[in-house]
Amino acid sequence: QVQLVESGGGLVQAGGSLTLSCAASGRTFSSYAMGWFRQAPGEEREFVASISRGVYSTDYADSVKGRFTISRNNAKNTVYLQMNSLKPEDTAIYYCAAGIVAGPNKEYDYWGQGTQVTVSS
């Protein structure tokens, strides 16, 4: 079992930065691939970034590549999403997910409740 709790969301100005955190329960955190997804009003949930469980390979959606950075600290059972150069279109609820296979898929096994990120113009 894995329980995920996101934090760090809020309101920021366009061009600003924000870092999201996802704290995971359990003692097998290192065995899971971790991902970040987001869902804007009227849109389906979309992939943002992921990090694998072994060699820490990362993947990013084209829309955030070069601006967002995903990282993990297994000792703290936490995954992070550092967001720079934020744009209004980044506004969404951001969800943390854990699964076996990293990457842009929606078959992750566990999901957090989400944290709101709002970017003003």
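Since the model is a prediction, treat every value here as computed from it, not as a measurement. FYI, the numbering just counts along the sequence from 1.
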Please, which pairs that meet disulfide bond (SG atoms under 2.5 Å apart) have at least one residue in residues 55-121, sequence neighbours excluded?
-> Cys22-Cys96
Joint cluster assignment, [X] & [Y], ILVMFWY side-chain distance < 4.5 Å:
X: Trp36; Y: Tyr56; value: yes
X: Phe29; Y: Tyr95; value: no
X: Phe47; Y: Ile70; value: no

Write down the atom of [X], the atom of [Y], and the distance for their closest heavy-atom approach.
X: Phe68; Y: Val48; answer: CD2-CG1, 3.8 Å
X: Asn105; Y: Glu107; answer: OD1-N, 3.0 Å
X: Ala49; Y: Leu81; answer: CB-CD1, 4.2 Å
X: Ser50; Y: Tyr108; answer: CB-OH, 3.5 Å
X: Tyr110; Y: Val2; answer: CD2-O, 3.3 Å
X: Ala24; Y: Leu4; answer: CB-CD2, 3.5 Å

Could you check if a side-chain atom of [X] sits within less than 4.5 angstrom of a side-chain atom of [Y], using non-hydrogen atoms only?
X: Thr91; Y: Arg38; value: no
X: Tyr94; Y: Glu6; value: no
X: Arg53; Y: Ile100; value: yes

Ignoring hydrogens and geometry, is there a side-chain-to-backbone donor-acceptor pair from Arg72 to Ser52 under 3.5 Å?
-> yes
If you measure from [atom1] on [X] to [atom2] on [Y], what distance do you get to the nearest 0.5 Å?
X: Lys65; Y: Asp59; atom1: NZ; atom2: CG; result: 8.0 Å
X: Thr118; Y: Ile93; atom1: OG1; atom2: CD1; result: 9.0 Å
X: Met34; Y: Ser71; atom1: CE; atom2: OG; result: 11.5 Å

Would one find more than 12 heavy atoms of other residues, nucleotides or ligands at under 6.0 Å from atom [atom1] of [X]?
X: Glu44; atom1: CD; result: no
X: Glu46; atom1: CD; result: yes
X: Gln3; atom1: CD; result: no

From Gln82, Lys76, Met83, residue fulfilling side-chain contact (heavy atoms from CB on, under 4.5 Å) relative to Tyr80 | Lys76
Does Arg67 count as lying over the ring of Tyr60, i.e. NZ or CZ under 6.0 Å from the six-ring centre, within 45 degrees of the axis?
-> no
Going through the distances and angles, do Trp111 and Phe37 end up as a ring-ring contact (aromatic ring centres under 6.0 Å, His included)?
-> CA-CA 10 Å; Trp111 296 83; Phe37 292 75; 4.9 Å; yes
